[in-house]
Amino acid sequence: MNIMKYLAVALGLLALGACGERSQPRFVKHLVFPKEATLEQKVSMAAHLVPSPQQLEWQQMELTAFLHFGINTFTGREWGDGTEEPQLFNPTELDAEQWVRVLKESGFKMVLITAKHHDGFCLWPTKTTSHSVASSPWKDGKGDVVKELRDACTKYDMKFGVYLSPWDRNAKCYGNSPEYNRFFITQLTELLTNYGEVHEVWFDGANGEGPNGKKQEYDWDAFYETIQRLQPKAVMAIMGDDVRWVGNEKGIGRETEWSATVLTPGIYARSAENNKALGVFPKAKDLGSREMLVDAKELFWYPSEVDVSIRPGWFWHEEENEKVKSLKHLTDIYFQSVGYNSVLLLNVPPDTRGLIHEKDVERLKEFAVYRERVFGDNKVIDGQIMWKAEGGNSRTYALAAQSRLNVVMLQENIANGQRIEKFKVELREKSGWKEVGEGTTVGYKRMLRFPEVIADSVRIRLVNTRLEAEIMNVAAYYAPVLEDEVSTVSWNNWPRTSWTKLSDVPLVVDLGKVLQVCSFTYVPKDALAKPDMAYKYKFFNSVDGKNWMLVPTNGEFSNIMHNPLPQTVQFPKSVKARFIKIDAVSPEDKPAKIEMEEIGIIVK
Ligand code: FUL
């Protein structure tokens with residue numbers, strides 16, 4: 001900490017003792033606690049941590065969209081291995097305006113494109129490698145997907161962001177740290193120079209190299225400096241210090257979600273040490289409560305982003321056209337992301353035509369109509385009058401007469417910090433007041449769902465706050481309860497009752513009779529990632545259990561560690577099998593353990 005900042009902090013603490021919170025300085029994005037600070041002083045400083053202007057603007061967007069598009073769209077993979085021929089990239093009807101129009105009409109405020117995914121194929125004609133659209137047949141190699149998206153965003157007044165994967169399975173220099181860092185910075189510079197304003201830069205932390213793979217030391221400081229210099233208004237996400245990964249790819253945020261968090265962003269050299277000392281990690285449940293402040297040395301305004309795909313995979317796959325998430329699922333995701341003080345980053349992957357598929361368009365429209373219907377009918381009268389209050393205070397708001405409701409929404413004025421630690425919600429029914437729910441953090445937005453009630457007033461009770469909280473909005477809605485469609489999708493059509501397990505590791509199964517097998521699916525149990533789950537595999541078939549044939553597959557359950565959903569492997573042609581064997585290793589390159597129930601097969 002420089003001396004001026006230290007003095008400001010120390011003076012602030014002194015002033016706090018003397019004349020309360022008004023003299024307390026505000027800290028933008030980051031603060032360091034003085035060594036001698038008491039918990040009370042730390043809480044007071046935490047209450048004065050505020051977002052940077054671009055973080056605030058980003059949080060206010062609520063809904064942002066991801067477009068995973070690239071070579072994987074054409075190979076059916078989730079992670080390409082970098083050996084794909086650029087010739088494969090040939091969208092027949094690419095229309096970036098269709099993407100942006102659909103997303104704009106569905107309420108999204110920003111679009112981010114995978115300019116380069118882990119396979120290294122670039123969607124713009126970069127000078128750094130020939131592994132790009134310039135070597136593809138699309139538009140005779142003269143096309144630029146990034147530019148087409150940028151132009152569409154300009155036309156429809158949509159914010160624009162880029163995903164650039166640090167992990168690159170194509171670049172020869174990957175693993176030669178200084179050389180690859182230069183290569184990466186050149187790619188970043190092209191993207192941040194030639195496409196107008198960029199509002200978010202997304203650096204993925206994923207790396208499936210395993211313990212024996214290439215080791216690349218990224219120069220995060222230099223990446224960060226490049227962004228600051230070229231696009232000072234952009235937020236830097238995930239492997240960045242503006243926007244934090246929520247910790248899963250399922251679309252589920254935390255009920256207790258502090259934007260003011262003790263988690264040191266991964267790009268700082270001190271992050272491992274700081275986070276270990278506090279026992280925090282990106283998936284931890286509590287990242288900012290008072291208990292966490294006790295031992296914390298620093299605090300970051302580092303708000304959460306919930307990234308999830310509208311389909312099981314991140315890229316478009318024909319066989320997932322029937323697996324677009326249901327309206328109920330999307331709505332639950334919405335309440336558990338936007339409603340849990342997070343920004344939702346929903347992935348909608350364009351297909352091989354280069355269009356958002358009709359199934360996704362239809363679902364996005366339903367989702368937008370549902371939200372308009374619910375949130376267009378706020379029952380609270382005068383909920384937007386700023387209410388400044390502390391723990392112990394309560395306030396009653398009138399509702400439209402005889403209001404039917406099952407959602408209450410609160411918003412704090414986070415421009416002045418995040419301060420509510422616990423609150424309760426009560427409603428006045430004919431029979432009197434009834435408590436319908438309670439919550440911890442509020443932050444930018446918190447929605448609470450409860451069984452429907454007919455009421456004429458809502459009362460918010462603040463139980464605990466950090467100094468004085470500023471509640472800038474209280475609203476209430478009725479959200480029609482949705483039923484999930486019955487899923488007709490099956491991963492297995494040969495009943496497991498006729499299977500016998502012959503060996504655990506590797507998994508060998510006797511299917512009971514000779515069958516013609518077209519594909520198999522691996523489904524991690526309970527959709528949970530575990531250290532000994534399968535990542536790389538070999539699939540063998542046999543008719544007699546003695547002579548085994550290796551089935552040609554890509555041999556990788558890509559991204560299964562972060563997105564542990566069913567992955568179906570389609571065989572090039574069906575194989576004859578009474579016995580199947582799956583020999584797999586974990587992400588740590590150890591023998592993987594696969595349960596029989598985690599495997600499905602589709603037979604002719
Ligand atoms: C992950 C990647 O490995 C996935 O493929 C996807 O891009 C997701 C958003 O991030 O880490």
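Positions are given from 1 along the sequence. We count ligands from 1, going down the list as the structure has it; atoms in each ligand are counted the same way.
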**Study point:** Any Tyr163 heavy atom less than 4.0 Å to ligand 1
**Key:**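 In this structure, Tyr163 qualifies as a contact of ligand 1 - some heavy atom is under 4.0 Å.
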Review point. Does ligand 1 have an atom that lies less than 4.0 angstrom from a heavy atom of Phe315?
Key: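 No, that is not the case, since the closest heavy atom of the residue is not under 4.0 Å from the ligand.
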Atoms in ligand 1 flagged as close to [X], the criterion being non-hydrogen separation under 4.0 Å:
| X | answer |
| --- | --- |
| Trp79 | 2 (C), 3 (O), 4 (C), 5 (O) |
| Asp307 | 9 (C) |
| Glu249 | 1 (C), 8 (C), 10 (O), 11 (O) |
| Ala206 | 3 (O), 11 (O) |
| Phe66 | 9 (C) |
| His118 | 2 (C), 3 (O) |

[X] N/O under 3.5 Å from ligand 1 N/O:
| X | value |
| --- | --- |
| Asn559 | yes |
| Glu78 | no |
| Trp314 | no |
| Trp202 | no |

Point to revise | atom 6 (C) of ligand 1: the protein heavy-atom neighbour that sits closest, reported with distance to 0.1 Å | key: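 Protein heavy atom at minimum distance: His68 NE2, 3.3 Å.
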Exercise for review: Look at atom 11 (O) of ligand 1 and say which protein heavy atom is nearest, naming residue and atom and giving the distance to 0.1 Å.
Suggested key: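 Of the protein heavy atoms, Asp204 OD1, 2.8 Å lies nearest.
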Using a distance-only test with no angle check, is there a side-chain donor-acceptor pair under 3.5 angstrom linking [X] and [Y]?
| X | Y | value |
| --- | --- | --- |
| Glu62 | Tyr444 | yes |
| Trp202 | Glu305 | yes |
| Ser326 | Asp484 | yes |
| Arg150 | Thr154 | yes |
| His118 | Ser165 | yes |

Review point. Is Arg371 close enough and on-axis enough to Phe375, meaning under 6.0 Å and within 45°, for cation-pi?
Key: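 Judged by the rule (NZ or CZ under 6.0 Å from the ring centre, within 45° of its axis), Arg371 is not positioned above Phe375.
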Check your understanding: Do you know which of Arg446, Lys285, Arg449 makes salt bridge (charged side-chain N to carboxylate O under 4.0 Å, His left out) with Glu255?
Key ->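 Checked Arg446, Lys285, Arg449 against Glu255; only one passes salt bridge (charged side-chain N to carboxylate O under 4.0 Å, His left out): Arg446.
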Practice item. Tell me whether the centres of the aromatic rings in Tyr174 and Tyr180 are closer together than 6.0 Å. Key: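 Distance test on ring centres: under 6.0 Å, yes.
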**Study point:** Criterion side chain to side chain contact (heavy atoms under 4.5 Å, CB included) on Asn181 and Phe223, from CA distance to verdict
**Key:** CA-CA 8 Å; Asn181 285 331; Phe223 301 169; 3.4 Å; yes
Exercise for review: Might you work through the salt bridge (charged side-chain N to carboxylate O under 4.0 Å, His left out) test for Arg254 and Asp286, ending with a clear yes or no?
Suggested key: CA-CA 9 Å; Arg254 293 175 181 76; Asp286 180 3; over 6 Å; no
Check your understanding: Is it the side chain (CB and beyond), the backbone, both or neither of Thr114 that lies under 4.0 Å from ligand 1, heavy atoms counted?
Key ->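 The answer is neither; Thr114 stays 4.0 Å or more away.
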